[in-house]
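Side chains are part of it too, since the values below use all heavy atoms of this structure and drop only hydrogens, waters and symmetry mates. Whatever order the structure lists them in is the order used to number ligands and atoms, beginning at 1.
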Amino acid sequence: MSLFLLLAAALTTCYFSPRRAADAQMFMIRDVTLSIEPGGDVTRGTNVTLRCRAAVSSSGPEALTREYTVSKDGAAVYTKTSRGPEDLLYRLADARVANSGRYSCKVAIEGRPATSGAKKLTVTGLSDPVLRLNKGVVSEGEELSATCTAPGEAGSIFFSFYEDGAEVREQQVASDRAEVKLRLGGVGVRRLHCAYTVLVSPHAFKSSESNGVTVSVKELPIAVVLEILPRTPKIYEGDEIYEGDELFVSCSVHNALLAFSSVHLYLSQGDKLLSRGHATVNHSGVALAEEPADFECRLETGDVVKLDKKTISVTELFSAPTLTMSPAEVFQKEQLKLTCHSESSAPERLEGEELVYSLDPPGGPLAPRGPGVFSGHALPYDFNYTCSARVKGIVKHSAALSVRPKVSVSTPKISVVGRAVLGRPFQILCRSEVGSLPVNYTLLTGYDPLSSVSVERPPRQALFTATVHKPEDIGKFMCEAQNRQREAPLSKRLNATVIVPLTHPLLTVIPPPADVSEGDDLYLICGVRGSPPVSFKWYRVGERQPLHTTTSGQNHTEYRLPGLSRAHSGVYYCEADNHADNVVRSDSVTIEGEATSGTLTSGTDPDLWD
Ligand SMILES: *[C@@H]1O[C@H](CO)[C@@H](O)[C@H](O)[C@H]1NC(C)=O
Ligand SMILES: *[C@@H]1O[C@H](CO)[C@@H](O)[C@H](O)[C@H]1NC(C)=O
Ligand SMILES: *[C@@H]1O[C@H](CO)[C@@H](O)[C@H](O)[C@H]1NC(C)=O
Ligand SMILES: *[C@@H]1O[C@H](CO)[C@@H](O)[C@H](O)[C@H]1NC(C)=O
Ligand SMILES: *[C@@H]1O[C@H](CO)[C@@H](O)[C@H](O)[C@H]1NC(C)=O
Ligand SMILES: *[C@@H]1O[C@H](CO)[C@@H](O)[C@H](O)[C@H]1NC(C)=O
């Protein structure tokens with residue numbers, strides 16, 4: 001007993017037979033092998049044998065029960081229990097493509113399993129499919145039964161049926177045949193064949209084409225007739241159909257051998273179903289030029305459809321009117337005429353009746369002045385009109401006409417942009433507050449036009465560039481605005497100041513230097529020619545900052561040096577500037593404050609600051 005325990009501890013793949021503990025024998029599955037005979041790649045029809053061999057060692061003579069399981073692609077396909085040591089044989093007689101797959105074998109002894117490695121079996125070749133039909137001749141719409149067979153094949157099979165080369169049906173079955181009901185396309189001879197595909201996941205094997213079988217499809221002796229007749233009290237030469245003519249449309253079945261109850265007739269015009277019935281379908285209506293001109297009579301019985309189509313040509317009795325306006329351009333509240341007119345009509349069919357025109361919306365500001373003529377004053381705002389022409393119960397409308405009355409341009413205003421400086425170009429703005437675009441602006445001097453601008457987009461204004469050489473010339477500018485032929489309102493004269501640039505700067509000392517004593521006040525007067533306001537600056541040479549800065553509404557101003565002393569000695573000058581932005585500088589003046597003599601000298605000394 002202790003020996004067994006030792007052995008058991010040493011050999012982990014060694015088992016005791018639990019059923020017979022008294023004289024239990026040990027066993028061990030050394031190896032399981034699967035082999036495929038005659039080989040892994042075979043053609044269809046080969047007798048294939050899968051051989052499963054289990055190599056088992058045991059401690060006694062006792063036969064051990066072996067449970068074999070053969071699996072294909074992971075699913076058990078065969079099991080067998082045997083007591084002998086001989087190999088398990090799993091026979092695949094007459095192998096098919098469907099037998100292809102990965103096989104393995106498992107052996108279990110007393111619940112202890114061991115599995116072989118997987119072996120792949122590939123069977124190639126499919127049998128040729130066979131197609132059989134139950135009829136060789138059918139009537140159109142009649143059903144036919146087709147059977148496609150894959151002789152000897154097994155597994156999951158897709159059968160496909162073809163009519164004249166195009167697949168018409170597919171069916172998946174788990175057997176070697178499929179039967180379908182087919183209705184063939186149209187009258188004539190059709191060729192049918194079939195094929196199949198065996199699914200062996202993840203592969204699909206497609207067979208060759210079956211035999212071809214021809215079928216004749218005979219036409220049903222049935223026809224539909226569509227007739228369209230003008231039904232107007234008068235008789236007209238030719239077949240021409242005019243708008244307003246009454247039409248009689250009839251759709252009927254001819255040569256019907258069938259019971260009428262199984263026949264359905266549909267009469268339609270364009271997409272509109274007019275009527276339906278069995279043996280005959282009639283319809284009356286008025287021909288209208290704008291309606292679809294194609295009529296169709298359709299017969300349906302079972303799956304058979306018969307058609308008769310006719311297209312009529314409806315001649316217009318008169319054309320849709322057009323609405324026009326004169327004059328082409330109208331200003332608010334001015335006289336306006338609208339004319340409604342149909343370009344063409346068929347007088348031979350109007351029977352002396354006249355087209356009656358009316359303007360929409362009715363009751364507007366325009367009153368009728370004759371056939372199709374409406375006049376009155378334009379409204380002060382945009383308005384859309386349409387008109388219609390009517391005769392013999394037929395009404396046609398024109399497209400909408402938008403009347404957009406224009407607004408007369410207002411008297412323009414003329415002004416200078418920024419400042420006008422004598423002798424330099426400046427800009428003149430001409431602007432009308434109201435008025436429909438485009439507006440033509442013209443700049444005039446005196447009454448002579450200088451230049452013109454056509455303004456088509458807001459802002460409703462024009463800019464001109466001008467130069468004046470005499471200040472009074474600025475008052476000669478005027479501008480006019482025009483957005484209609486007859487009138488061109490004129491602006492006032494341009495009222496603006498011309499800035500005269502500064503010239504002739506002069507620094508004067510008061511009192512004259514000769515008359516001054518120490519302690520007196522001294523006035524440095526800076527003067528220029530040119531337009532005020534002027535900004536003045538006084539400087540002493542050697543000092544960066546001005547002594548004094550002031551702006552004057554006049555063209556001269558003074559700077560007082562109080563209590564003259566020696567400290568005031570120096571060279572002075574002034575600068576002036578106005579809106580013309582050109583700084584002018586005076587000559588310099590020398591002031592000498594001597595405490596002893598009390599005299600001053602004045603004079604120019606450009607060397608000191610040039
Ligand atoms: C396959 O085995 C069957 C008997 O099971 C035998 O009749 C047949 O001839 C064998 N086919 C081939 C190709 O050996
Ligand atoms: C249709 O019109 C034809 C000929 O005018 C007439 O014989 C037939 O009875 C009418 N059918 C129907 C359903 O009104
Ligand atoms: C006139 O018709 C046009 C479109 O055709 C539309 O945009 C406009 O608003 C209409 N005007 C009036 C005043 O109804
Ligand atoms: C505006 O000027 C253009 C050409 O410059 C001219 O064709 C048009 O008739 C003028 N418009 C008016 C309303 O005078
Ligand atoms: C010119 O404009 C000034 C104000 O800018 C005004 O006082 C003067 O009356 C105007 N002159 C004329 C002729 O309109
Ligand atoms: C100075 O301005 C006055 C008016 O303020 C003008 O009459 C005079 O001509 C101007 N002097 C010069 C030199 O421009």
Problem set entry | The single option from Arg66, Arg53, Lys80 passing salt bridge (charged side-chain N to carboxylate O under 4.0 Å, His left out) against Asp87 | Arg53

Problem set entry | Partner residues of Lys476 under the salt bridge (charged side-chain N to carboxylate O under 4.0 Å, His left out) criterion, sequence neighbours left out |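 With sequence neighbours excluded, Lys476 shows a salt bridge (charged side-chain N to carboxylate O under 4.0 Å, His left out) to Asp473, given in chain and number order.
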
Starting from [atom], find the nearest protein heavy-atom neighbour and note its residue, name and distance.
atom: atom 5 (O) of ligand 1; result: Asn47 ND2, 4.7 Å
atom: atom 9 (O) of ligand 4; result: Gln485 NE2, 3.8 Å
atom: atom 6 (C) of ligand 5; result: Asn495 ND2, 4.0 Å

Exercise. Looking at Phe331, is Arg484 sitting on its ring face, NZ or CZ under 6.0 Å from the six-membered ring centre and within 45 degrees of the normal?
Worked result: yes

Determine, counting only non-hydrogen atoms of the protein, whether one lies under 4.0 angstrom from [atom].
atom: atom 3 (C) of ligand 5; result: yes
atom: atom 14 (O) of ligand 1; result: yes
atom: atom 11 (N) of ligand 4; result: yes

Exercise. In terms of ring plane angle, is the pair Tyr90 and Tyr103 parallel, tilted or perpendicular, where the classes change at 30° and 60°?
Worked result: tilted

Exercise. For the residue pair Tyr162 and His193, does the interplanar ring angle fall in the parallel (under 30°), tilted (30 to 60°) or perpendicular (over 60°) class?
Worked result: parallel

For this session: Show which atoms of ligand 4 fall inside a sub-4.0 Å distance from at least one heavy-atom site of Asn483.
Result: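 In order of number, 13 (C).
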
Problem set entry | Ionic contact status for Arg44 with Glu153, cut-off 4.0 Å |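 Between Arg44 and Glu153 there is a salt bridge, with a charged N closer than 4.0 Å to a carboxylate O.
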
For this session: Indicate yes or no: does an N/O atom of Asn440 lie under 3.5 Å from an N/O atom of ligand 4?
Result: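 Checking ligand 4 against Asn440, an N or O pair does fall under 3.5 Å apart.
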
